[in-house]
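We name chains A, B, ... by the order of the sequence lines, and we start the count at 1 in each one. What you see below is based on every heavy atom in this structure, not just the backbone, and it leaves out hydrogens, waters and symmetry mates. A quick note: this is a predicted structure, and the numbers were derived from the prediction, not measured.
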Amino acid sequence: MAKKYKSLRGIRDISGAEAAGFNEIISKASELLEKYGYERIFLPVIEYTNLFARSIGEDTDIVSKEMYSFKDKKGRDISLRPEGTAGAVRSLIQADQLSGKIRRKIYYFGPMFRYERPQKGRYRQFYQLGCEVYSFPSPYHDAEIIEIADKLLKLCRVKDYSLGINSLGCAEDRSSYKKAVKKKLEGKVEKLCPDCRRRLKTNTLRVLDCKNSRCREIYQELPGMDDFLCDDCGDYIEKLRQILDSRGVKYSIDSGLVRGLDYYNGPVFEFKVNDSAVIAGGRYNKLVRELGGPDMPACGWGLGMERLVAAANLEPASQKKAALIKVEGGRIETCRRIADNLRNKGISVSEGYEDISTGKKFKITDKNRIVKVVIIGGEEEKNKTVTLRDMETGKQESVPADDVESLARKILAKKILARKTDV
RNA sequence: GUGGAUGUAGCUCAGGGGCAGAGCACCUGGUUGUGGCCCAGGAGGCCGCCGGUUCAAAACCGGUCAUCCACCCCA
């Protein structure tokens, strides 16, 4: 037997209930976002590596150790995108969509790639849905994307999620805060965990996110970021809080929330379920400029599909389904005509023309959890009728073949329940 | 990148140096115009891969790859 091929490490196939969940979340999210004026864009999954290095930050873990990078046939350094924002900004600048525009709102969905050890809710190829607003900085925009995220989680019936908010301030605020943190910790470096000792040098603010209890104790004494915010940044986050309060969005201030991408400044936020971030984002006012575009502030978030599907309580997809079974004496033309008639009525119809026993056809129908079956055979052809069978009750009735209305009504009539308990 | 657990049939797993196993699923027939239940039969495996120890390895040892979990980090 030939060798069986396997998918790459951390790269999975998504099918069945999970795939249905993806479908449903995408349709809920895009409907919601479009109501707010966001337009979908489709972006490439590969870009030049330096786009990500420049935007996300050379020293971040994502760029320094988690990028799926390689050389193409001409030796160019390219990477599979680890997130969506860099490509979105690149695309808008390239098409000159930002200069002179007052506002631009976009959303995207697709696979992202990070070369990490796979774990629960974390894969090398994973899917993100994200949205972004490019416009003058107004806390109403920050509030809007947070509100949309909140609504989406509610639409997906996610239970027990929490929203944390923080302000990273502007570059000046951050650098004075960093200095203060370093100074305060100077004499205590030996007491910190090895990770924090490293972070202190490479990515100072990340120490605040440490889970180590001894580190946390030490950090209790640190001043908060909010003490270092300039008036503008302080007013901005305050205004955002007021707007969220007035819209009934619940949140808490989380001064340890620092984010792993360098391009953020100002407000940042995370929606968490069981300590795992499901939707996270913030403001990035300097990014467009950094990537060669005009001075265009922006904010946005990204959503982890695998994590959201796992946390969501979605209704099973609507079950407007029927199967069509041709038995001895039935004509394929008749079956096709009736199947199409029903499809025009919004019913999903699967036809089975395999040359197998009738029992087998019913068995397949049962396996596919289809409850309503339209049977067409010699008897029906002669009487110009079809037989409609309910697989749950076992009852059958005869319906005129071309009375599409009544046939469709009967198929949709009873809400189809889950299959009799599999005992 | 670090640590732990686990790789045996499609799935869930048992076994433990000497015949490759169970349940579920699958296929055929009983019943070629009727599924589930029942009965009878069947198919399916280099026991993850490579090497070592041994008369003999699925089992013991080493390596490797993969999966899961935790850490790091992140969505």
Sub-3.5 Å pairs of nitrogen or oxygen atoms, protein against nucleotides 31-33 of chain B:
{"residue": "B:G33", "atom": "OP1", "partner": "A:E328", "partner atom": "OE1", "Å": "2.5"}
{"residue": "B:G33", "atom": "OP2", "partner": "A:E328", "partner atom": "OE1", "Å": "3.3"}
{"residue": "B:G33", "atom": "O6", "partner": "A:G378", "partner atom": "N", "Å": "2.9"}
{"residue": "B:G33", "atom": "O6", "partner": "A:E379", "partner atom": "N", "Å": "2.7"}
{"residue": "B:G33", "atom": "O6", "partner": "A:E380", "partner atom": "OE1", "Å": "3.3"}
{"residue": "B:G33", "atom": "N1", "partner": "A:E380", "partner atom": "OE1", "Å": "2.9"}
{"residue": "B:G33", "atom": "N1", "partner": "A:E380", "partner atom": "OE2", "Å": "3.4"}
{"residue": "B:G33", "atom": "N2", "partner": "A:E380", "partner atom": "OE2", "Å": "2.9"}

Find every protein N or O atom lying less than 3.5 Å from an N or O atom of nucleotides 65-69 of chain B, and list the pairs.
{"residue": "B:U67", "atom": "OP1", "partner": "A:G10", "partner atom": "N", "Å": "3.2"}
{"residue": "B:U67", "atom": "OP2", "partner": "A:R9", "partner atom": "NE", "Å": "2.7"}
{"residue": "B:C69", "atom": "OP2", "partner": "A:K120", "partner atom": "N", "Å": "2.9"}

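Rounded to a whole Å, the CD1 atom of A:I356 is 13 Å from the P atom of B:C26.
Look at A:R343 and A:D340 and you find a salt bridge, because one of the NZ, NE, NH1 or NH2 atoms lies within 4.0 Å of a carboxylate O, short of that distance.
In this structure a side-chain-to-backbone donor-acceptor pair under 3.5 Å is missing from A:E351 to A:A323. The backbone N or O of A:A86 lies less than 3.5 Å from no partner atom in the side chain of A:R54, so there is not a single donor-acceptor pair.
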Show your reasoning for whether side chain to side chain donor-acceptor pair (under 3.5 Å) applies to A:S55 and A:E290. CA-CA 7 Å; A:S55 57; A:E290 179 72 23; over 6 Å; no

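Residue A:K360 places no side-chain N or O under 4.0 Å from the OP1 or OP2 atom of B:U34.
B:U67 and B:U54 have their P atoms separated by 35 Å, with the value rounded to a whole Å.
At a cut-off of 3.5 angstrom, counting only N and O atoms as typed in the model, there is no donor on one side facing an acceptor on the other between the side-chain of A:R122 and the base of B:A75.
Between atom CD1 of residue A:I376 and atom CZ of residue A:R331 there is a gap of 10.5 Å, rounded to the nearest 0.5 Å.
Candidate nucleotides B:G35, B:C72, B:C74 were compared by shortest atom distance to the side chain of A:D366, and B:G35 ranks first.
Closest-nucleotide positions on RNA chain B for A:F271 and A:G394 were compared, and the one nearer the 5' end corresponds to A:G394.
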